[in-house]
Asks: 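Okay, handing you the structure first.
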Amino acid sequence: MNQKHSPVRLGLCCVFEDQPIQFRTTTAAYLSRLGARDGRAHRDRLVEENFTTLARAITCCHELGIGAFRVNSQIIPLATHRDWPFELNVLREGELGGLLETCRRLAQEYDIRLSMHPDQFVVLSAHRESVVNASLAELEYQAAVCEGIGADVLNIHGGGAYGDKLAALARFADNVDRLSDAARSRLTVENDDRTYTPGDLLPLSRLTGIPLVYDVHHHRCNPDALSLAAATEAALDTWNREPLLHISSPADGWDGPKPNRHHRYIDPTDFPDAWRALSSPVTVDVEARAKELAVLKLQHHLTSQGTN
DNA sequence: AGCGGTCAAGTTGAT
DNA sequence: ATCAACTTGACCGCT
């Protein structure tokens with residue numbers, strides 16, 4: 001009966017299970033075997049293919065009623081590899097620039113929220129300067145992609161603790177200042193399942209203005225003094241745009257040997273009550289191995305529950 | 001077509 | 001010491 005638009009926008013992470021949509025990748029070893037010229041040409045071909053695929057992925061999300069899509073870090077394979085650096089200016093020029101613009105316009109037209117999630121090698125809390133430098137370079141690369149395709153989130157974890165979380169987070173905060181505006185304005189930090197809890201990250205978030213992506217599954221694996229409701233409220237408060245949340249379910253149940261492993265689907269009882277009561281819009285990325293099938297199933301559960 | 005070996009990077013905790 | 005886990009097995013090259 002005149003149902004209000006749900007304030008929860010569900011997001012798909014990186015890949016599809018059933019749809020014929022696949023991103024390609026390659027290895028440094030293979031490119032080297034091809035030689036400098038042919039290696040570059042091959043990678044360029046993959047990049048063009050991948051952004052074409054991204055446009056299809058966005059359209060597919062629209063058709064399926066999925067509201068957000070996380071773009072794989074490898075969309076430009078080996079972008080910051082020492083032997084195969086990718087020239088970022090190329091993203092704004094010519095045919096490739098046009099492809100990125102197509103993605104951006106499609107996402108805008110269909111209201112598909114795009115994000116990126118650099119992986120575990122990006123560590124702004126690292127001691128080693130070489131690790132920090134590589135991390136900054138990776139963030140700048142992904143920020144340039146985000147800018148081209150209109151993604152507003154570049155999400156990373158706190159990284160290592162090295163036996164002293166406060167000192168590590170202080171290094172993180174210092175290193176944030178070394179980022180360009182394009183990277184810094186998109187950067188977010190997420191609680192993880194081993195080291196940094198929401199309570200650990202909130203001070204960093206408030207200090208730097210970097211929003212907190214609240215992952216409720218990680219919080220259940222790696223809890224702190226905050227309740228789910230309190231962590232949700234505090235996390236939402238760090239956002240100057242639509243907040244992003246993450247959800248998943250344990251592969252073998254909460255009593256299984258490895259609860260941090262992700263299930264194929266989301267158990268609806270894992271969806272926090274505090275999230276059902278939200279009145280302002282949020283994005284919830286669904287981290288489940290059945291990919292879009294899991295998103296659709298959760299979507300169905302949430303909406304059918306909302307209408308009866 | 002099927003299958004085995006290979007693949008940039010960091011850190012933690014289970015085995 | 002080794003290895004799986006982390007947003008995800010995909011790819012080549014051999015049979």
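A quick note: this is a predicted structure, and the numbers were derived from the prediction, not measured. Only heavy atoms go into these numbers, but all of them, side chains included; no hydrogens, no water, no symmetry mates. Letters A, B, ... mirror the listed sequences (proteins, then strands); counts begin at 1.
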Asks: Tell me the interatomic distance from A/Arg45, atom CZ, to C/dC11, atom C1', rounded to whole angstroms.
Replies: 15 Å
Asks: Please test A/Asn72 against A/His117 for side chain to side chain donor-acceptor pair (under 3.5 Å), starting from the C-alpha separation and ending with a verdict.
Replies: CA-CA 7 Å; A/Asn72 195 321; A/His117 192 351; over 6 Å; no
Asks: Which whole-number value in Å describes the distance from A/His262 NE2 to C/dT8 P?
Replies: 6 Å
Asks: Sticking with atom P, work out how far B/dG13 lies from C/dT7, rounded to a whole angstrom.
Replies: 16 Å
Asks: What's the closest nucleotide to the A/His81 side chain, out of C/dT8, B/dT12, B/dA8?
Replies: B/dA8
Asks: If you find the nucleotide of DNA chain C closest to A/Arg33 and the one closest to A/Gln120, which residue's nucleotide is nearer the 5' end?
Replies: A/Gln120
Asks: Within the 4.0 Å heavy-atom criterion, would you say A/Ala134 contacts the bases, only the backbone, or no part of the nucleic acid?
Replies: nothing
Asks: If you check every side-chain atom of A/Ala29, which of B/dC7, C/dT7, B/dT11 has the closest atom?
Replies: B/dC7
Asks: Tell whether A/Ser135 reaches the base of B/dA9 with its side chain through a donor-acceptor pair below 3.5 angstrom.
Replies: no
Asks: Looking at the side chain of A/Gln22, which of B/dG10, B/dA8, C/dA10 is the nearest nucleotide?
Replies: C/dA10
Asks: Can you tell me the base-pairing partner of C/dT2? Count Watson-Crick or G-U wobble geometry only, both distances below 3.5 Å, and say none if there is no partner.
Replies: B/dA14
Asks: Measure up the A/His218 and A/His157 rings against each other and bin them: parallel (under 30°), tilted (30 to 60°), perpendicular (over 60°).
Replies: tilted
Asks: Between C/dT8 and B/dC7, how far apart are the P atoms? Round to whole Å, please.
Replies: 22 Å
Asks: Just name whichever nucleotide pairs with B/dC7, Watson-Crick or G-U, keeping both distances under 3.5 Å, else none.
Replies: C/dG9
Asks: May I ask you to verify if any side-chain N or O of A/His157 is less than 4.0 angstrom from the OP1 or OP2 atom of C/dT7?
Replies: yes
Asks: Taking only side-chain nitrogens and oxygens of A/Tyr162, does any of them come within less than 4.0 Å of OP1 or OP2 of B/dT11?
Replies: yes
Asks: What's the CG-P distance between A/Asp164 and B/dT12, to the nearest Å?
Replies: 12 Å
Asks: Please report the distance, rounded to the nearest Å, between CG in A/Asp192 and P in C/dA5.
Replies: 16 Å
Asks: Which one, B/dC7, B/dA9, C/dC11, comes nearest to the side chain of A/Thr27?
Replies: B/dC7
Asks: Counting any heavy atom closer than 4.0 Å, what does A/Gln74 reach on the DNA or RNA strands: base, sugar-phosphate only, or nothing?
Replies: base
Asks: Measuring from the side chain of A/Tyr30 (C-beta onward, heavy atoms only), which nucleotide among C/dG13, C/dT7, C/dC11 has the closest atom?
Replies: C/dG13
Asks: Does a side-chain N or O of A/His217 approach OP1 or OP2 of C/dA5 to a distance below 4.0 Å, or not?
Replies: no
Asks: With the side chain counted from C-beta on, respond yes when A/Trp84 and A/Arg40 share a heavy-atom pair under 4.5 Å apart, and no when they do not.
Replies: yes
Asks: Can you tell me, in whole Å, how much space there is between the P of B/dA8 and that of C/dC12?
Replies: 13 Å
Asks: Round to the nearest Å and state the distance from A/Asn191 atom CG to C/dT7 atom C1'.
Replies: 14 Å
Asks: Among B/dA8, C/dT7, C/dC11, which nucleotide has an atom closest to any side-chain atom of A/Glu138?
Replies: B/dA8
Asks: Would you indicate what A/Ala251 reaches in the nucleic acid, counting non-hydrogen atoms under 4.0 angstrom: base, sugar-phosphate, or nothing?
Replies: nothing
Asks: Which is true for A/Cys13 with a 4.0 Å heavy-atom rule: it touches a base, it touches only sugar-phosphate, or it touches nothing?
Replies: nothing
Asks: Do we see A/Phe121 stacking on the base of B/dA9, given a limit of 5.5 Å between centres and 30° between planes?
Replies: yes
Asks: Expressed as a whole number of angstroms, how long is the span from A/Lys165:NZ to B/dT12:P?
Replies: 11 Å
Asks: Within the pair A/Arg24 and C/dC11, is there a side-chain N or O less than 4.0 Å away from OP1 or OP2?
Replies: yes
Asks: Could you verify whether a donor N or O on one side chain and an acceptor N or O on the other, from A/Gln74 and A/Thr25, lie under 3.5 Å apart?
Replies: no
Asks: Can you confirm if the aromatic rings of A/His246 and A/Tyr214 lie within a centre distance of less than 6.0 Å?
Replies: no
Asks: With a 3.5 Å distance limit and no angle check, can you tell me whether A/Asp237 reaches the backbone of A/Ala234 through a side-chain donor-acceptor pair?
Replies: no
Asks: Closest to the A/Lys291 side chain: C/dT8, C/dG13, C/dC11?
Replies: C/dT8
Asks: Side chain of A/Thr25 only, heavy atoms from C-beta on: which candidate in C/dA10, C/dC12, B/dG10 is closest?
Replies: C/dA10
Asks: Quick one: which of B/dG13, B/dA8, B/dT11 gets closest to the side chain of A/Arg194?
Replies: B/dG13
Asks: Scan A/Glu287 against the nucleic acid and name what it touches under 4.0 Å (heavy atoms): base, sugar-phosphate only, or nothing.
Replies: sugar-phosphate
Asks: Looking at every strand, decide which applies to A/Arg128 at a 4.0 Å heavy-atom threshold: base, sugar-phosphate, or nothing.
Replies: sugar-phosphate
Asks: Any chance the side chains of A/Asp224 and A/His219 put a donor and an acceptor closer than 3.5 Å?
Replies: yes
Asks: For C/dA5 and B/dG4, measure between their C1' atoms and round to the nearest Å.
Replies: 23 Å
